[in-house]
Amino acid sequence: MPGWVFNIFFNSHNISWEVVTPLFLFYRCGIGSSDTEICLGQGHTANFGLFSAMQPLRHVLKAQGSPRWGPLTPASWLLLKNFRAHGGLPSTANPSPERQEDGVPKDFSSRLATGPTFQDFLRSASGPQEKPSSPEAEDPPPYLTVDELLGRQRKVYLETYGCQMNVNDTEIAWSILQKSGYLRTSNLREADVVLLVTCSIREKAEQTIWNRLRQLKVLKTKRPLSRVPLRIGILGCMAERLKEEILNREKMVDLLAGPDAYRDLPRLLAIAESGQQAANVLLSLDETYADVMPVQTSRSATSAFVSIMRGCDNMCSYCIVPFTRGRERSRPVASILEEVRKLSEQGLKEVTLLGQNVNSFRDSSEVQFNNAVSTNLSRGFTTNYKMKQGGLRFAYLLDQVSRVDPEMRIRFTSPHPKDFPDEVLQLIDERHNICKQIHLPAQSGSSRVLEAMRRGYSREAYVELIHHIRESIPGVSLSSDFIAGFCGETEEDHLQTVSLLREVQYNMGFLFAYSMRQKTRAYHRLQDDVPGEVKKRRLKELISVFREEATKANKTSVGSSQLVLVEGLSKRSATDLCGRNDGNLKVIFPDTEMEDVTNPGLRVRAQPGDYVMVKITSASSQTLKGHVLYRTTLKDSSAYC
């Protein structure tokens with residue numbers, strides 16, 4: 001669809017609006033289709049349709065008298081506040097007719113003629129908008145007061161499911177709610193609001209949420225009448241993908257917020273307090289939460305996630321991410337560096353740069369860097385989209401982040417194999433605080449299946465990249481993702497994936513059975529024709545081979561001394577400590593006294609956040625074990641490793 005499109009329907013009672021855009025789709029509960037993108041409030045009239053995109057509104061409407069306006073819905077407010085700014089509507093929820101200079105009331109068409117045109121809406125949506133830092137930063141919608149947007153010390157319980165991005169999203173959501181006066185609790189039974197940050201990547205992940213909602217329904221039903229009603233919200237990808245089904249199937253869900261709507265949480269909760277369901281699942285082309293500083297809730301944390309971009313443009317045929325998290329957009333470098341500096345000041349020793357396709361980062365906010373430099377892809381790799389030009393790239397960001405604190409480790413995930421130009425590999429090899437660990441999702445070892453997946457490379461190109469990475473970064477640790485039983489996968493295709501696992505010998509792996517997702521290209525064009533039992537059998541075989549080969553790879557570390565960032569006590573033994581090495585493998589070692597090489601003669605016990613040198617004595621597919629040698633620093637340790 002080329003642009004904004006409007007349609008206004010009249011009837012004998014009131015007027016209803018619909019706005020459908022490439023950026024925003026509005027929806028009224030119980031009326032829209034499964035492709036709609038927002039549902040905000042119930043009990044009001046806000047129905048939507050289509051009409052010519054290129055005409056000003058005044059040329060569409062015909063004079064049919066002045067309609068009677070009902071109260072504005074939350075959905076209407078987001079649109080109609082633009083009308084107010086241009087004088088198209090009065091600011092009250094039940095406007096009275098404007099009058100001409102002679103005192104004669106204007107009819108609706110006359111008032112609309114002085115309002116905004118299609119171009120006004122394009123201008124208001126054309127670029128990134130400055131986001132308010134608090135509910136008081138802009139006028140509240142006419143149906144809410146400033147006081148109603150405040151949390152009034154209500155307690156929020158947050159549960160996180162899925163990937164690291166959801167962990168970071170939880171911190172963003174809490175940062176926004178905290179500023180609005182909410183309190184956080186780790187006790188579910190004392191919570192006034194329960195928010196689940198959800199995942200939709202596989203059917204199993206969604207089923208976990210449905211099961212959890214049934215448990216919460218019991219808790220909500222048994223809530224004492226003396227307390228405020230318990231409000232339950234679904235956040236993240238599942239809210240985006242299944243908005244209509246969640247609201248209709250689970251009447252006890254009070255609010256939905258998609259990945260780009262966390263700023264709207266105070267308003268959604270205020271609507272939920274009135275007893276209505278509320279939702280905002282608008283996807284954005286510019287939202288990166290660059291000005292929202294995530295709240296680190298664990299005082300003992302040694303590491304943190306830093307989101308540098310959101311969304312994905314790769315459109316792999318199996319993947320729901322572009323439909324739940326939107327198109328790819330990157331956060332300004334300056335805001336990323338500010339967050340990393342603050343984390344360093346808090347004493348954290350490791351940051352992981354996050355994104356759906358983290359190494360395709362491109363900051364175009366600085367005009368002077370928006371030249372016509374094209375993307376450098378890995379050899380033998382292609383994209384499913386038009387090659388992008390200009391902007392500050394991932395190599396520049398990685399360089400700048402690594403300079404913030406020489407004692408802070410830097411990781412990044414999840415990358416795409418296509419975005420590993422030589423400058424990125426050289427930087428990883430040269431900087432002592434950039435971990436020599438690369439996640440390189442393969443998904444399949446069969447070129448035929450990779451083509452059906454729209455991955456943009458063949459098995460041969462992927463293996464060539466593996467060799468190039470190992471030549472560029474000696475001792476690099478590799479991890480990968482694999483999908484068992486994708487559409488049309490034959491037994492021969494499966495055996496090629498098995499052989500790739502044996503050839504590469506990954507140190508870590510994440511393997512899953514294929515789960516078809518609606519809206520994806522595979523859903524529309526391919527058949528999920530591999531029987532469930534066959535998927536399970538193939539997955540079991542892949543896991544077995546991976547563990548066998550990972551054990552071989554990890555055993556090469558036995559006898560070596562490795563730098564470990566201490567995280568805390570081992571979960572399995574109160575006398576052992578646990579940490580992670582440069583390759584992100586878990587390392588277990590006894591909690592004993594050791595020498596501190598920065599203070600000769602001083603004997604210390606390791607604490608979370610310390611760097612210690614550990615001599616490896618044994619290895620499995622997932623864990624290394626050893627004994628501690630001494631405490632050191634990241635910079636000093638580089639001379640020994």
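The shown structure was predicted, so the numbers you read here are calculated from the model rather than taken from an experiment.
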Where at least one partner belongs to residues 503-517, residue pairs that pass salt bridge (Lys or Arg N to Asp or Glu O under 4.0 Å), sequence neighbours excluded: Glu206-Arg517, Arg459-Glu503

Any donor-acceptor N/O pair, Tyr611 side chain to Lys349 backbone, under 3.5 Å: yes

Decide yes or no for Arg310 and Pro259: does some side-chain heavy atom of the first lie under 4.5 Å from some side-chain heavy atom of the second? yes

Would you check, one step at a time, whether the test salt bridge (Lys or Arg N to Asp or Glu O under 4.0 Å) holds for Asp528 with Lys535? CA-CA 11 Å; Asp528 188 8; Lys535 289 181 184 178; 2.9 Å; yes

Determine yes or no for a side-chain-to-main-chain donor-acceptor pair under 3.5 angstrom, with Asn359 supplying the side chain and Asp419 the backbone. yes

Can you list the steps and then say if Tyr289 with Tyr262 is a ring-ring contact (aromatic ring centres under 6.0 Å, His included)? CA-CA 9 Å; Tyr289 300 106; Tyr262 300 141; 5.8 Å; yes

Pair Asp313, Arg327 - check salt bridge (Lys or Arg N to Asp or Glu O under 4.0 Å), show working. CA-CA 6 Å; Asp313 287 349; Arg327 305 314 297 268; 3.0 Å; yes

Interatomic distance, Ile320 atom CD1 to Cys237 atom SG [nearest 0.5 angstrom]: 8.5 Å

Run the side-chain contact (heavy atoms from CB on, under 4.5 Å) test on Leu634 and Leu565 for me, step by step, so that the C-alpha distance in whole Å, both residues' side-chain angles and the decisive distance to 0.1 Å come before the verdict. CA-CA 9 Å; Leu634 183 56; Leu565 175 60; over 6 Å; no

Would you kindly say whether Asp260 and Ser284 are connected by a side-chain donor-acceptor distance under 3.5 Å? no

Tell me whether the count of non-hydrogen atoms from other residues, nucleotides or ligands lying under 6.0 Å of CD in Glu451 goes above 12. no

I'd like to know if Lys342 and Glu338 make a salt bridge, using a cut-off of under 4.0 Å between side-chain N and carboxylate O. yes

Could you check Lys204 against Phe512 for side-chain contact (heavy atoms from CB on, under 4.5 Å), going step by step and ending with a plain yes or no? CA-CA 10 Å; Lys204 184 177 179 180; Phe512 307 96; over 6 Å; no

Give a yes or no on this: more than 12 heavy atoms of other residues, nucleotides or ligands lie within 6.0 Å of atom CZ of Phe381. yes

4.5 Å side-chain heavy-atom contact, Arg331 and Val306: yes

Among residues two or more places apart or on two chains, list those pairs meeting salt bridge (Lys or Arg N to Asp or Glu O under 4.0 Å) that have a residue in residues 434-447. none

Apply side-chain contact (heavy atoms from CB on, under 4.5 Å) to Ile588 and Arg572, showing your working. CA-CA 10 Å; Ile588 307 295; Arg572 296 187 177 183; over 6 Å; no

Any ion pair linking Arg329 and Glu287 (charged N to carboxylate O, less than 4.0 Å)? no

Between Asn554 and Ala619, is there a donor-acceptor pair closer than 3.5 Å when you use the side chain of the first and the backbone of the second? no

Worked verdict on Tyr514 versus Gln443 for side-chain contact (heavy atoms from CB on, under 4.5 Å): CA-CA 10 Å; Tyr514 175 63; Gln443 308 302 355; over 6 Å; no

Applying side chain to side chain donor-acceptor pair (under 3.5 Å), run through Gln207 and Asn211 and close with a yes or a no. CA-CA 6 Å; Gln207 189 57 51; Asn211 294 339; 3.1 Å; yes

Working for salt bridge (Lys or Arg N to Asp or Glu O under 4.0 Å), residues Glu350 and Arg580: CA-CA 11 Å; Glu350 182 177 284; Arg580 292 190 178 269; over 6 Å; no

Would one find more than 12 heavy atoms of other residues, nucleotides or ligands at under 6.0 Å from atom CD of Gln215? yes

Going through the checks in order, is the side chain to side chain donor-acceptor pair (under 3.5 Å) test met by Thr160 and Thr170? CA-CA 7 Å; Thr160 308; Thr170 301; 2.7 Å; yes

Spell out, as yes or no, whether a donor-acceptor pair under 3.5 Å connects the side chain of Ser480 to the backbone of Leu440. yes

Non-hydrogen side-chain atoms of Leu235 and Asp169 separated by less than 4.5 Å: no

So that I can tick it off, tell me whether Arg263 and Asp291 are bridged by a salt bridge, with the cut-off set at under 4.0 angstrom between side-chain N and carboxylate O. yes

Less than 4.5 Å apart, side chain to side chain, heavy atoms only: is that true for Met309 and Arg362? no

Answer yes or no: are there more than 12 heavy-atom neighbours, outside Lys217 itself, under 6.0 Å from its atom NZ? no

Exam field: side chain Arg231 to backbone Leu269, donor-acceptor pair closer than 3.5 Å: no

Using the rule given for side chain to side chain donor-acceptor pair (under 3.5 Å), can you reason through Gln178 versus Arg184, listing the C-alpha separation, both sets of side-chain angles and the distance that settles it, and then say yes or no? CA-CA 8 Å; Gln178 187 181 49; Arg184 188 165 184 179; over 6 Å; no

With distance as the sole test, does Asp429 use its side chain to make a donor-acceptor pair with the main-chain N or O of Ile473 at under 3.5 Å? no

Taking side chain as C-beta onward, heavy atoms only, is Asp363 less than 4.5 Å from Tyr396? no

Spell out, as yes or no, whether a donor-acceptor pair under 3.5 Å connects the side chain of Ser344 to the backbone of Asp405. no

Suppose we call two aromatic rings close when their centres sit under 6.0 Å apart. Are Tyr506 and Phe482 close by that rule? yes

Leu624 side chain near Val564 side chain, heavy-atom distance below 4.5 Å: no

May I have the step-by-step check of side chain to side chain donor-acceptor pair (under 3.5 Å) for Thr413 and Gln164, ending in yes or no? CA-CA 9 Å; Thr413 196; Gln164 298 99 323; 4.9 Å; no

Between Thr302 and Pro608, is there a donor-acceptor pair closer than 3.5 Å when you use the side chain of the first and the backbone of the second? no

Closer than 3.5 angstrom, by distance alone: can the side chain of Ser402 be matched with the main-chain N or O of Ile434 as a donor-acceptor pair? no

Mind checking whether Ile543 and Leu539 have side chains closer than 4.5 Å, heavy atoms only? yes

Counting only heavy atoms not in Gln346, do more than 12 fall under 6.0 Å of its CD? yes

Salt bridge (Lys or Arg N to Asp or Glu O under 4.0 Å) between Arg537 and Glu541: does it pass, once the steps are laid out? CA-CA 6 Å; Arg537 192 250 310 162; Glu541 291 176 5; 3.3 Å; yes

Is the CZ atom of Arg547 crowded by more than 12 outside heavy atoms at less than 6.0 Å? no

Give a yes or no on whether a salt bridge exists between Arg431 and Asp399, defined as a side-chain N under 4.0 angstrom from a carboxylate O. yes

Test log, rule ring-ring contact (aromatic ring centres under 6.0 Å, His included), inputs Phe412 and Phe394: CA-CA 10 Å; Phe412 58 90; Phe394 184 63; 5.1 Å; yes

Separation between CZ (Phe510) and CG (Asp481), nearest 0.5 Å, reads 7.0 Å

Looking just at side-chain N and O atoms, do Glu328 and Ser360 make a donor-acceptor pair shorter than 3.5 Å? yes

Side chains of Leu195 and Leu177: does their closest heavy-atom pair fall under 4.5 Å? yes

Phe420: which residues meet the ring-ring contact (aromatic ring centres under 6.0 Å, His included) condition with it, sequence neighbours left out? none

